[in-house]
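Start at 1 and go down the list; that is how both ligands and their atoms are numbered. If you read the sequence from its start, that first residue is 1, and numbering goes on from there. Because the structure is a prediction, the values reported are computed rather than measured.
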Amino acid sequence: MVQDRFNRTIDYLRISVIDHCNLRCVYCMPLSGVPLTPSADLLRPDEIERVVRAAAALGFRKIRLTGGEPTLRADLADIVRQTSAVPGIREVSMTTNGVLLPRVIDELKAAGLARVNLHIDSLDPERFSRTMRLGTLADAWASVAAVERAGLTPVKINAVVTRGFNDADVVDLAALTLEHDWHVRFIELMPFGVGECAQMARTALVTTAESMTRIEAALGRLEPLEKVTASEESVNYRLPGARGVVGFISPVSEPYCGDCNRMRLTADGRLHLCLLHDDEIDLRQALRSGASQSVLEDLLRQAVEQKPVGHSLSRGISTRQRDMVQIGG
Ligand code: SAM
Ligand code: SF4
């Protein structure tokens, strides 16, 4: 196991496999898109596998594939197959907007995908399309059905709470857990980069406290649940008589840096040391100049050692050189 300077054990690698997306969520991608990494500069499945082998040798156990939208990669099943076969890796999961998921879920499951997190910001068709621009609520429900059919359960739903777009929808989303054994998690909005989405995020934050008050007023007390692992980023609750779980991820109002266990790999092959800082270490150059596994392990070790702690989100200061779509959340 590798530990950083702050005695945090880092064993979870989040891999952004692509920075393209088929949606344009208001806080993540401008309608006009962002400059995209050319396909030749994205890490190939064999390169991702080499990074995961080095990570597993250092004690990394969990992998999450993200993006951009991971299902846009035609070779996603190869990435899942190759990473989940690496000795030491216990789980490969994926975060997705779900639009293309029904078409690929069986192939991904057969390749070794263990779990899926779906991104659904609203249950109102008009507000859904206004927030997750280019997406439809019908697509979202089809993705939920696909996850249940494939048995990659429990269904896990993430929503970013955004003032003026879906802040009132937290009640309907939380109410899903009354009848379904699903996990619905609300994420506080974070600003990234320097564009219009970052600007918007600075004014549209809704704190977890505000969302909780709204949910409790409509649905009753949120009963706290014990954490399964210290590094779990969401704080979980259950509504009275509910089958599922309501979670809150609060990077702005309650930073959880002390329990962070993550390292991130960008789609263009940089280790991004902390979501909310700009520090990076280039792995792609090493991969493409024939670096051995021990060199990759050294670079990963260096990344863990240099991992920052603490951030300035509450003062509106965040990652500037990267947009969320490039880091993957
Ligand atoms: N496209 C996939 C999706 O939407 O789930 C995966 C990539 S997306 C960047 C990963 C997660 O980041 C999603 O759950 C999304 O809601 C969240 N996210 C995107 N922009 C965010 C922001 N500015 N603040 C907080 N969460 C954000
Ligand atoms: Fe695409 Fe996900 Fe960003 Fe929305 S949050 S624009 S679905 S990458």
Please lay out, stage by stage, how Ile89 and Thr83 fare under the test side-chain contact (heavy atoms from CB on, under 4.5 Å).
-> CA-CA 8 Å; Ile89 295 303; Thr83 51; 5.8 Å; no
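Taking a 4.0 Å cut-off on heavy atoms, Ala201 fails to register as neighbouring ligand 1. Heavy-atom separations between Cys197 and ligand 1 are all 4.0 Å or longer. Ligand 1 lies less than 4.0 angstrom from a heavy atom belonging to Glu188.
The backbone N or O of Pro191 sits nowhere less than 3.5 Å from a side-chain atom of Arg202 that would complete a donor-acceptor pair. Checked by atom type and distance alone, the side chain of Arg64 never pairs as donor or acceptor with a backbone atom of Ser93 at under 3.5 Å.
Considering backbone and side-chain N/O of Asn117, none are found under 3.5 Å from N/O of ligand 1. Between Gly68 and ligand 1, at least one pair of N/O atoms sits closer than 3.5 Å.
For the pair Glu91 and Arg115, the salt-bridge criterion is met [side-chain N within less than 4.0 Å of a carboxylate O]. Using a 4.0 Å cut-off between a side-chain N of Lys or Arg and a carboxylate O of Asp or Glu, Asp106 and Lys109 do not qualify as a salt bridge. Electrostatic pairing of Arg214 and Asp167 counts as a salt bridge here, judged by a charged N lying under 4.0 Å from a carboxylate O. Ion pairing between Asp75 and Arg73 holds under the 4.0 Å rule for side-chain N and carboxylate O. A salt bridge is absent between Glu305 and Arg301; no separation between the charged side-chain nitrogens and carboxylate oxygens falls under 4.0 Å.
Distances below 4.0 Å separate heavy atoms of Thr66 from the following atoms of ligand 1: 6 (C), 7 (C). Within the listing of ligand 1, atoms 14 (O) sit less than 4.0 angstrom from a heavy atom of Asn158. Within ligand 1, the atoms closer than 4.0 Å to a non-hydrogen atom of Gly67 are 7 (C), 9 (C), numbered from 1 in the order shown. Near Met190, meaning under 4.0 Å from one of its heavy atoms, ligand 1 places the atoms 22 (C), 23 (N), 24 (N), 25 (C).
Excluding waters, the set of protein N/O/S atoms under 2.8 Å from atom 3 (Fe) of ligand 2 reads Cys28 SG.
Atom CZ of Arg288 sits in a crowded spot, with more than 12 heavy atoms from other residues, nucleotides or ligands closer than 6.0 Å.
In this model, a donor atom of one side chain and an acceptor atom of the other lie less than 3.5 Å apart for Glu69 and Asn97.
Only the backbone of Thr96 comes within 4.0 Å of ligand 1, counting heavy atoms alone; no side-chain atom from C-beta on gets that close.
From the protein, the heavy atom lying nearest to atom 18 (N) of ligand 1 is Met324 CE, 3.6 Å. Scanning the protein heavy atoms around atom 16 (O) of ligand 1, the nearest turns out to be Val160 CG2, 2.9 Å. Looking only at protein heavy atoms, the nearest one to atom 3 (C) of ligand 1 is His119 ND1, 3.6 Å. Closest to atom 11 (C) of ligand 1, if we only count protein heavy atoms, is Thr95 CG2, 4.4 Å. Closest protein heavy atom to atom 10 (C) of ligand 1: Gly328 O, 3.7 Å. Among protein heavy atoms, the minimum distance from atom 2 (C) of ligand 1 is reached at Glu69 OE1, 3.4 Å.
Apart from Val245 itself, the hydrophobic cluster it occupies contains Leu225, where clustering links Ile, Leu, Val, Met, Phe, Trp and Tyr at side-chain heavy-atom distances under 4.5 Å.
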Got a list of side-chain donor-acceptor pairs under 3.5 Å for residues 169-180, not counting sequence neighbours?
unit_1	atom_1	unit_2	atom_2	d
Asp169	OD1	Arg127	NE	3.2
Asp169	OD1	Arg127	NH2	2.7
Asp169	OD2	Ser122	OG	3.2
Asp169	OD2	Arg127	NE	3.0
Thr177	OG1	Ala174	O	2.7

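Under the side chain to side chain contact (heavy atoms under 4.5 Å, CB included) criterion, Asp11 pairs with Met1, Asn261, sequence neighbours left out.
The hydrophobic clustering, which links ILVMFWY residues whose side-chain heavy atoms are closer than 4.5 Å, places Phe60 and Tyr12 apart.
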